[in-house]
There are 2 protein chains.
Amino acid sequence: MEKKPKIDQTSTTLLLEYFSKMMPLTDEEKELVASKFQPRLYRKRQFILQEGDVCNVFNFVVSGCLRMYNIDESGTTHIIQFAIENWWISDKGSFYSQKPSALNIEAVEDTTVLQIKHDDLLDLYVKAPKFDRIFRVLVENSLIKMQERLLQNMGSDARIRYEEFLKQYPTLANRIPNTHIASFLGITPEFLSKIRNERVSK
Amino acid sequence: MEKKPKIDQTSTTLLLEYFSKMMPLTDEEKELVASKFQPRLYRKRQFILQEGDVCNVFNFVVSGCLRMYNIDESGTTHIIQFAIENWWISDKGSFYSQKPSALNIEAVEDTTVLQIKHDDLLDLYVKAPKFDRIFRVLVENSLIKMQERLLQNMGSDARIRYEEFLKQYPTLANRIPNTHIASFLGITPEFLSKIRNERVSK
DNA sequence: AAATGCTCTTAATCTAGATTAAGGGTAGGC
DNA sequence: GCCTACCCTTAATCTAGATTAAGAGCATTT
């Protein structure tokens with residue numbers, strides 16, 4: 001039996017709060033945001049972006065969980081990022097160049113996002129240059145996270161990376177399939193299973 | 001015998017060219033840039049940033065080569081990024097939070113950079129909001145590169161990663177020590193030596 | 001010129017994690 | 001209710017790359 005979760009039409013308040021924490025917004029700016037961002041529900045396993053398509057929306061996750069991944073030449077899936085409540089996700093390479101993406105973004109659970117289209121974001125930058133700064137800061141934060149992730153991937157073994165994952169996404173470990181976590185950590189599900197087992201028996 | 005390379009006082013023209021390609025600048029903006037960015041020469045092995053210090057400059061490389069790296073708990077060095085001519089480098093995490101960095105930035109060769117101080121950059125954003133956008137785009141580009149690097153690190157074996165390194169830094173392979181390349185690729189110098197040997201004998 | 005460091009190479013041995021394989025658990029569709 | 005499709009686990013075997021060790025080539029310093 002399928003449930004019919006309704007999209008909360010007031011979900012933009014969450015986004016406005018988010019922006020306001022970074023920089024106070026005027027009422028006009030708030031209205032601009034409300035008019036440009038559209039709520040949308042994705043069901044589990046639906047795609048926000050499929051490889052080969054151009055990524056032309058920028059997504060703010062209101063509730064649920066998304067994963068962004070690529071599939072390499074040998075067919076292995078690598079999850080770059082999970083996005084849960086209050087996170088941003090998009091393939092910025094494709095979004096800003098408007099060229100086809102090599103990445104997929106998929107709903108791991110039923111997920112509500114607020115989306116802004118590429119052209120609307122450019123328009124937002126023009127109408128309210130404050131958003132140039134807000135999005136600069138957003139991207140800076142993503143970059144910092146990505147750098148940490150790279151360092152961890154290079155420097156730590158799988159056990160430590162798993163502990164870090166648990167710290168970074170404390171709510172996620174029991175919510176999503178093991179295979180996704182393994183693919184995020186860059187190991188096989190079998191090996192993750194072994195690690196988990198070791199942890200419990202200690 | 002030490003050489004005394006002079007810093008080219010006209011080096012800001014290179015930076016102005018760089019900015020102008022992204023967005024046309026007015027004469028006032030150009031002057032602002034010229035006044036805010038200071039040229040500085042670092043000798044081979046000098047540090048632009050040492051772990052524990054706050055990163056309070058943003059660097060544009062005019063000539064030479066820098067490496068940014070961290071040292072993990074077990075004492076292994078991991079190079080996150082090389083920066084050669086026309087690249088930007090800084091620890092953005094430390095720079096924007098003004099907290100001590102865990103990273104080092106070191107000159108691999110005698111290197112000339114143009115530096116802007118943290119407060120001057122903020123001031124530049126205020127005086128010429130255009131730079132909010134310019135730096136947003138810069139950071140976006142860094143993020144895209146970092147993402148590609150993460151994917152390669154997760155998805156490809158060392159041989160393929162080495163080929164990619166050669167493509168991305170074609171001039172670097174013969175300029176810098178093998179140990180640095182290995183540390184960038186996330187392998188030991190011994191193993192890199194083996195890979196190189198295989199390539200030649202094929 | 002000798003000495004002190006780096007850097008590179010080769011080769012033997014070792015280990016984290018992959019691969020393969022098999023069995024069991026559980027949810028959703030018919 | 002059963003069936004199919006996932007998902008998780010355990011265990012045996014295998015491999016990319018690490019570690020250790022040792023020697024040789026250069027460059028810097030004294």
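Note on naming: letters A, B, ... go to the chains in the order of the sequence lines (proteins, then strands), and numbering restarts at 1 for each one.
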Walk me through it: do B/Y42 and B/F47 pass the test ring pair (Phe, Tyr, Trp, His ring centres under 6.0 Å)?
-> CA-CA 8 Å; B/Y42 288 93; B/F47 286 90; 9.8 Å; no
Among C/dG17, D/dA18, D/dA21, find the nucleotide with the atom closest to the side chain of A/I187.
-> C/dG17
Starting from C1' on D/dA11, measure out to CD on A/E198 and report it in whole angstrom.
-> 14 Å
Phosphate OP1/OP2 of D/dT10: any A/N197 side-chain N/O under 4.0 Å | yes
A/I195 CD1 to D/dC8 P, straight-line distance once rounded to whole Å = 14 Å
Are the aromatic ring centres of A/W87 and A/Y169 under 6.0 angstrom apart?
-> yes
Ion pair check, B/E140 and B/R136, cut-off under 4.0 Å | yes
Name the closest nucleotide to the B/F191 side chain, picking from C/dG17, D/dG17, D/dT20.
-> D/dG17
Minimum-distance nucleotide (side-chain atoms of B/S193 versus C/dA21, C/dA18, C/dT10) = C/dT10
Interatomic distance where CD belongs to B/E190 and C1' belongs to C/dA12 [whole Å] | 13 Å
In whole angstrom, what separates A/N174's CG from D/dC7's P?
-> 16 Å
Quickly work out the A/N153 CG to C/dG17 C1' distance and round it to whole Å.
-> 14 Å
Give A/T179 one of three labels, base, sugar-phosphate or nothing, depending on what nucleic acid heavy atoms sit under 4.0 Å from its own.
-> sugar-phosphate
Under 3.5 Å side-chain donor-acceptor pair for B/N104 and B/Q50 = no
Between A/T188 and C/dG17, is there a side-chain N or O to OP1/OP2 distance below 4.0 Å?
-> no
To the nearest Å, how far apart are A/R196 CZ and D/dT9 P?
-> 7 Å
Are any of B/N178's side-chain N or O atoms less than 4.0 Å away from OP1 or OP2 of C/dT9?
-> yes
Atom-pair distance (CE on A/M154; C1' on D/dA18), nearest Å | 15 Å
Indicate whether OP1 or OP2 belonging to D/dA16 is found under 4.0 Å from a side-chain N or O atom of B/R159.
-> no
Check against ring pair (Phe, Tyr, Trp, His ring centres under 6.0 Å), A/Y69 and A/F184 = CA-CA 9 Å; A/Y69 62 95; A/F184 177 84; over 10 Å; no
Write down the distance between CZ (B/R175) and C1' (C/dT7), rounded to a whole number of angstrom.
-> 19 Å
Between C/dG17, D/dC8, D/dT9, spot the one nearest the side chain of A/P177, thanks.
-> D/dC8
